[in-house]
Amino acid sequence: MKAQQLKIALRNCGFIDPEEIQDYIANEGYLALASSLSGSRQAVIETIKKSGLRGRGGGGFATGLKWEFAAKPEADRKFVVCNADEGDPGAFMDRAVLEGDPHSVLEAMAICGYAIGADEGYIYIRAEYPLAIKRLRIAIAQAEEAGLLGENILNSGFSFKIKLKYGAGAFVCGEETALIKSMEGHRGEPVSKPPFPATKGYRGKPTNVNNVETFANVPAIINRGADWFAAIGTEKSKGTKVFALAGKVKKVGLVEVPMGTTLRQLIYEIGGGILGDKQFQAVQTGGPSGGCLTVKHLDTPIDYESLIAAGSMMGSGGMIVMDEDDCMVAVAQFYLDFTMEESCGKCVPCREGNKALYNILHKITHGEGTMADIDRLKELAVVIKSTSLCGLGQTAPNPVLSTINNFYDDYVQHIVDKKCRAKRCRALLEYRVVEENCIGCGACKRACPADAITGELKQKHFIDQEKCIKCGACHQKCKFNAIAID
Amino acid sequence: MTNDIAGLTKSDVALIIGSDTSEAHPVIAARLKRAAKNGMKLIVIDPKRIKMADYATIYACQRPGTDVAVLNGMMHLIIKNGWEDKEFIAERVEGYEALKAEVEKYTPEYVEKISGIPAKTLEEIAELYGKAPTAALYYAMGITQHTTGVDNVKSTANLQMLCGNMGKVGGGVNPLRGQSNVQGACDMGGLPVVYTAYQQVTNAEVKEKYEKFWGCSLNANNGLPMTVAIDKAYEGEMKAFYVMGENPMMSDPDLHHAEEAFKKLEFLVVEDIFMTETAKLAHVILPASTWPEKQGTFTNTERKVQLLEKAVEPPGEAKDDWEIHQLLANKMGQQWAYTCSQEIFEEMTKCTPSYAGMSYERLRNGYGLHWPCPTPEHPGTPVLHVGRFTKGKGTMFAIPFKEPAEMPDAEYPIYLTTGRILQHFHTATMTRKSPGLCNLAGPSVMVSVEDAETMGIGNSAKVRVTTRRGSIVTNAFVTKRIPKGTAYVPFHFAEAPANMLTNNALDPVAKIPEYKVCACKLEKA
Amino acid sequence: MLVTINGKQYEAEAGQTILQVAKKHGLYIPSLCYHQKVGVAGKCRACVVEVEGMRGLQTSCSVVVRDGMNVSTRSEKALQAQKLVVDLLLSSGKHDCLSCAQNGKCELQDAAYYLGIERPTLVFSDLEPHGDESSEFIKVDHNKCISCGRCVAACQKTVTNDVLDFGYRGANTEIVFDDGKLMGKSTCVQCGECVQICPVGALTEKKVAGQARYWETEKVKSVCPYCGVGCTMEIHVDRKLNKIVRVNGDENSPVNEGMLCVKGRFGYDFVDHSDRLTSPMIRNDDGSFRKASWDEALDLVATKLNDIKVKHGTDKIMGLASAKVTNEENYTFQKFMRTVIGTNNIDHCARL
Amino acid sequence: MDKVKNTEELKVLQSTLRKAAEEAASSKVVIKIAMATCSIASGSKPVLDFFKEEMPRQPLEFIIKSTGCTGLCHSEPTVEVTLPGKAPVMFGHVDVKKAAAIVNDYIKGGKPVEGTVEVCRS
Amino acid sequence: MTCSINQQIINEKIVEICSEFKNDPDELIAILHKAQGHFGFLPSEVQQAVAEQLHIPVSKVFGVVTFYSYFTMEPKGKYPISICMGTACYVKGAEKVLHEFESKLKIKNGQTTSDGRFSLNTLRCIGACGLAPVVMIGEKVYGGVKPEDAGKIISEYPA
């Protein structure tokens with residue numbers, strides 16, 4: 001049977017008008033809040049625990065347990081925080097939910113507030129999402145007007161307010177302690193846990209942080225029951241997961257599938273296969289914290305544990321498909337460039353270690369690597385993972401390790417043969433004149449910024465490899481397919 | 001200080017009045033700022049918006065010389081609202097009724113008229129201070145260097161007794177003393193009316209004790225304070241001065257007057273480390289050693305005696321001051337035979353009750369001892385007046401507000417106030433021999449943005465500051481921290497000496513000059 | 001409670017961290033960001049150890065000991081991690097130990113030595129010189145900075161001057177003064193707390209360059225000669241040259257907790273200034289001064305004072321004691337005035 | 001919108017709204033245009049404007065809604081049309097020209113238009 | 001907008017913005033967003049004014065401004081061009097698109113053209129991966145951009 005999508009978190013996305021609260025209410029909206037308020041706080045937590053919902057932001061921590069931790073301590077103030085600082089390159093699930101169904105998140109936050117004993121909620125959202133911000137603002141105003149947020153909701157005695165806080169472009173703020181720092185107006189530097197936010201979070205008070213997709217699941221779970229939800233998915237990973245399917249796949253898009261669906265089903269059945277029917281090479285999951293999986297992993301069921309066993313991770317749901325034209329060493333370098341830029345700089349292994357990894361990868365993609373560098377990469381990666389302060393550093397080397405494990409030959413080729421099979425590493429390319437095609441028009445010679453091309457008009461031209469800076473200008477200019485890239 | 005430095009973070013509220021703490025006492029300032037960051041409430045009252053104000057819960061800008069009015073105003077509100085410590089007043093204090101009657105008329109509105117502090121601000125200050133479980137008060141020369149210096153000091157004590165802030169950790173009246181061993185110099189009897197540990201020279205019993213201890217007969221009359229002695233010298237009545245490690249030709253008020261006085265002396269001996277402005281007038285100069293060149297003790301602002309060890313040899317023939325005193329005494333017929341400072345210390349502890357329990361060994365084995373430390377087992381006394389005042393009951397004084405001796409007028413419309421800056425120390429004898437410190441800060445007059453505009457000057461412009469006594473030209477430092485109508489000149493710089501300008505009007509009791517207020521005019525130079 | 005470290009049992013107190021217990025018993029664990037004064041930062045990660053029953057490596061500066069805890073600071077895994085972290089710091093900076101003022105007192109050097117790192121093994125591209133010598137007394141070398149954050153914490157939490165913070169991020173993270181100004185142009189008051197607490201040679205005193213190094217100086221305890229706070233200090237002396245090389249605040253002093261101000265820390269140059277008075281001087285009739293022997297000068301003083309005493313009376317002589325000399329010297333001075341001259345005319349500038 | 005005072009009121013409101021939506025679906029043409037960031041970036045705004053301008057000219061009762069992301073990034077801009085009593089049909093890569101075809105051929109004529117997209121509903 | 005903004009105007013605006021957030025230092029990032037929205041960038045004068053108004057060290061403000069990539073201390077071009085460097089865009093050739101913009105505008109990533117019209121920046125995934133590679137100019141998003149489109153896109157923005 002062909003794999004099917006199953007929409008829980010995305011149940012309303014694309015179907016209702018996000019700027020009309022009536023549309024949401026017509027679709028069971030705020031019923032879950034109403035029914036939660038009529039029961040005990042503990043009952044809500046039990047339901048979430050029983051459902052088996054786990055954090056969709058990447059870590060996969062049991063949501064119900066997290067709520068229970070935050071519910072426990074006595075405090076004059078508590079906070080519910082929605083992490084909408086979606087920063088994984090290649091992931092846009094949260095944006096889609098916030099733009100398409102903002103009320104589901106608001107409702108879930110209120111339910112969480114009730115469960116843990118908080119009456120204030122914050123949504124920490126990327127400033128780069130203006131439309132999501134606009135729709136959230138509208139949704140909050142409408143919910144307040146309808147009395148579904150604010151003072152004494154539905155005459156239950158429970159009050160809950162939600163405010164927005166903006167991120168300002170720091171990936172590390174997806175880490176909950178860094179996010180809290182940022183909410184407090186500081187540099188988004190993580191702090192070591194314990195204490196956990198559940199005991200000491202925003203403004204030093206117990207704080208529960210969940211991401212957008214996690215929250216979006218909550219009203220559905222309350223409405224349809226923990227058992228319904230727990231029946232979906234695998235033994236340890238319940239429910240569905242939203243993925244942003246992107247890269248070299250035919251049907252790029254946002255999909256939601258039951259946990260346990262295989263990568264192959266997702267890429268070929270739902271995604272329609274590889275763009276241009278090229279050869280599948282790799283699929284990257286988990287963003288910069290994840291890894292690149294290969295053909296042999298295609299039948300891996302998508303769940304938290306299986307992905308980790310395969311050397312990657314669930315992450316927040318970015319899924320980038322790569323074909324034969326992608327160089328996996330360069331991809332590793334791309335991710336390291338990202339983590340290097342986005343490291344907060346607080347701890348040494350992440351700040352300097354990822355830069356060291358990047359430097360070695362740079363050497364390799366520029367034909368200056370040695371086989372010893374591969375061992376060095378592995379050694380560094382292991383120490384960075386084991387000594388970094390926060391999740392960002394602890395997972396940053398994953399793209400390197402997974403590409404070394406799964407695409408070892410690519411590394412060897414770059415180092416030993418000084419070649420890049422995918423022709424993505426410019427320094428390893430050789431531009432050569434295809435004599436039989438060259439008519440001696442001189443276009444390439446004029447385009448060459450390094451004066452590396454010689455040849456008289458109407459004569460065959462020649463590229464001096466010593467001088468060539470591999471900019472590709474000649475290749476672009478040539479209208480006769482007379483410049484080949486090796 | 002009645003309290004110790006380590007305990008100063010233990011207050012709920014701290015009031016700084018008349019102390020530019022971060023400039024003059026930077027390390028205490030650091031601790032107060034830190035405490036303020038960690039939740040202690042800080043109130044700053046000063047004519048200048050000093051750096052400490054940036055860390056304050058409330059800052060109030062007062063007109064110079066109005067401290068009594070401000071403190072009376074606070075007490076007025078505290079009593080009116082019933083925030084005073086009734087139990088403390090009943091058990092430990094006398095003179096409360098008189099104080100209460102005196103402060104009656106210092107309503108916030110009345111105080112606003114005198115001090116310029118808005119009535120509402122004073123109310124906020126009084127409430128914060130009056131309701132605090134424990135509040136400490138810090139002051140420096142901003143309180144004492146007035147013709148009402150004693151009144152000001154007594155008013156601070158009134159306030160602290162009223163609120164029951166005496167004799168407990170985190171409270172106290174805490175004058176921040178300005179020189180490394182100014183406390184010790186006083187403790188050692190470097191004053192005209194007392195022997196060591198404040199034993200009165202006019203007390204026959206004390207005199208007898210010392211005559212026996214030193215084996216000689218002693219003068220039964222009070223001596224003269226410095227400020228008076230200079231006036232007498234000016235009048236030709238004093239004949240000789242022996243000056244050790246001081247530079248009155250920079251630090252005295254109205255320097256023209258002082259110079260005349262010194263020039264009239266028959267004989268002037270100066271014992272110092274540099275050719276100071278005063279040494280230049282001497283008949284004989286005796287070269288002394290300085291701080292790292294000798295062993296000895298300093299007593300700091302919290303009454304803690306600490307030991308200095310010798311680090312380097314003095315230059316040339318320079319000698320330790322005690323050694324010079326001994327040589328001279330012996331030239332004059334004595335048989336002093338100290339071989340080291342430790343022997344002197346041991347002798348001193350025998351006639352000085354508050355130091356009696358101290359020894360070099362004890363000082364070396366820890367970080368000093370707070371006096372009083374009467375016995376070798378006594379741990380020292382970080383906080384004074386616990387349980388009872390040293391003298392029994394604490395006395396409150398009814399103190400009416402008086403204006404400073406010289407007030408601005410049409411001719412001299414600006415308040416002039418003087419003090420220190422961070423990078424230099426006192427008469428700058430030492431700090432101006434440090435090229436680095438000199439590069440960091442030189443002479444200047446701080447003027448308000450408004451007054452600078454009136455004069456049409458900007459930063460670093462030359463400004464002439466003139467009072468009835470003299471005139472200096474220096475660089476303008478235009479700053480928002482100074483209120484309109486006030487100017488501030490640091491007194492460290494011989495080329496623009498603030499004390500050419502200051503008024504030598506004295507407090508009638510303490511004989512302290514009114515360095516903090518006089519009238520001047522500012523002109524573009 | 002008892003804690004086992006590297007197979008041996010040690011006494012520990014509740015609330016102590018592994019690092020504190022180790023330090024107390026003289027066991028070395030490389031650690032670069034922790035300082036008793038500014039507390040746990042958890043930044044350098046050089047102090048990682050293995051703890052039985054805990055997954056992965058633990059930072060010993062942050063893990064509080066439990067009774068019976070079994071810690072290994074030198075397991076293969078811990079050592080490998082410690083070594084690589086220190087290697088990263090050595091590799092990513094430019095630590096020219098030979099000319100560094102901190103040589104011999106550098107905590108990075110100590111760690112490298114302990115771990116047997118002879119030279120950095122990782123390649124970071126050539127670092128541009130990146131320093132700041134704009135401050136009067138303090139030299140900043142960003143290439144030696146390991147971003148441990150001690151100076152920042154000290155500036156914000158200890159001396160509370162709020163000048164330093166971290167700017168930028170990732171590998172570009174660096175300490176900044178105010179809004180990225182040069183140190184000398186910033187509101188820095190040059191108290192030097194940052195210099196004293198810097199574990200490496202990133203913040204050093206300009207004046208010590210080329211002078212006797214740490215291990216060559218004798219450390220003498222003293223008290224600051226300036227204001228009345230009485231900060232205790234450690235004077236570093238080059239005995240051979242009879243010269244003060246450096247002054248540090250005494251970290252254990254309850255008065256100043258290691259802090260000093262710009263004067264106390266850097267204003268010692270007057271001591272060996274060429275203008276110091278080195279011999280007694282007597283004024284000539286024309287107002288100039290001539291050098292004299294102690295004998296001659298003191299004879300003159302004794303004669304003059306005696307004469308005036310006899311001619312005008314003891315109370316015509318005034319003595320000025322000093323707030324800048326020791327208790328002992330003030331004592332002998334007032335004793336001199338009272339017993340030898342016979343007057344109570346003694347005062348000093350306490351009021352001035 | 002008035003304040004919903006209690007759970008009962010919410011439930012009543014819910015069924016009212018649902019009924020209204022069902023009635024509308026059985027009697028009106030419902031047009032949903034995806035208006036998420038990527039839809040807008042692919043050009044959905046002029047398509048929305050076109051429908052808003054064009055539909056009132058038709059002798060039909062209709063509702064136009066803008067929605068969030070349909071997840072069909074590969075086919076944006078997308079437009080979903082539900083004719084009374086019929087299953088919804090999703091059109092992909094809709095530009096103004098194709099929108100005109102949808103109005104003329106599908107909505108008015110009931111004839112299929114090229115370029116529909118399969119949609120998952122749950 | 002020029003670099004030299006009158007200090008008084010800055011102070012007034014900052015006082016207004018900060019008081020909107022009750023001078024709460026917790027709201028520093030929101031305040032900086034607003035200030036950048038108003039002034040276009042966050043020069044030293046703005047940071048000083050914010051620090052003063054919130055009673056926090058200016059080093060703290062600077063630390064925050066330089067930490068977050070959204071904040072800039074340099075004025076941006078009239079038409080700020082942002083090239084998405086998210087993974088999806090990267091694998092679909094965003095680097096080449098960037099190079100083409102660089103060579104067409106004769107500036108490097110992070111710079112502004114001398115006439116102040118265009119500035120060029122990369123950013124990390126704007127969540128429009130379905131359209132990769134993506135280029136944003138102001139609020140307008142261009143999807144499926146090929147290197148050869150650069151010239152045409154630039155020409156949409158006249159002087």
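Here is the naming used below: chain letters follow the sequence lines, and residue numbers restart at 1 for every chain. Note that the structure is a prediction, hence the values are computed from the model and not measured.
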Distance-minimising heavy-atom pair for [X] and [Y]:
X: Y168(C); Y: R187(A); value: O-NH2, 2.5 Å
X: C347(A); Y: G42(C); value: CB-O, 4.5 Å
X: S388(A); Y: R45(C); value: O-NH2, 3.5 Å
X: C44(C); Y: P349(A); value: O-CD, 4.2 Å
X: T387(A); Y: V85(C); value: OG1-CG2, 4.3 Å
X: C344(A); Y: T173(C); value: O-OG1, 3.5 Å

Proximal component of [X], with respect to chain A [non-hydrogen, under 4.5 Å]:
X: S62(C); answer: neither
X: A46(C); answer: neither
X: N172(C); answer: neither

Please determine whether the number of non-hydrogen atoms from other residues, nucleotides or ligands lying under 6.0 Å from atom [atom1] of [X] exceeds 12.
X: K385(A); atom1: NZ; value: yes
X: Y113(C); atom1: OH; value: no
X: Y408(A); atom1: OH; value: no
X: K157(C); atom1: NZ; value: no
X: K181(C); atom1: NZ; value: yes
X: K193(A); atom1: NZ; value: yes

* Without swapping roles, check the side chain of R351(A) against the backbone of G170(C) for a donor-acceptor pair under 3.5 Å. =>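 Such a contact is absent between R351(A) side chain and G170(C) backbone.
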* **Choice from C350(A), G353(A), S192(A) maximising heavy atom contacts with chain C below 4.5 Å** =>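 Heavy-atom pairs under 4.5 Å are most numerous for G353(A).
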* **Contacting region of L380(A) [heavy-atom separation from chain C under 4.5 Å]** =>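 Both backbone and side chain.
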* **Which atoms of T339(A) approach chain C - backbone, side chain, both or neither, heavy atom under 4.5 Å** =>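 For T339(A), no heavy atom lies under 4.5 Å from chain C.
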* Do V348(A) and K43(C) touch side chain to side chain, with heavy atoms closer than 4.5 Å? ->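 Side chain of V348(A) against side chain of K43(C), heavy atoms only: no contact under 4.5 Å found.
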* Can you check whether K346(A) reaches F166(C) side chain to side chain, under 4.5 Å on heavy atoms? ->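 K346(A) does not reach F166(C) side chain to side chain.
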* To do: Compute whether any side-chain donor of one residue and acceptor of the other, for T121(C) and R376(A), lie under 3.5 angstrom apart.
  =>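 The criterion, which ignores hydrogens and geometry beyond distance, is satisfied for R376(A) and T121(C).
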* Ion pair E342(A)/R169(C), N-O distance below 4.0 Å ->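 Yes, charged N to carboxylate O under 4.0 Å.
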* Gap separating the CG atom of L122(C) from the CG atom of N359(A), nearest 0.5 angstrom ->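 Nearest 0.5 Å value for the CG-CG distance: 9.0 Å.
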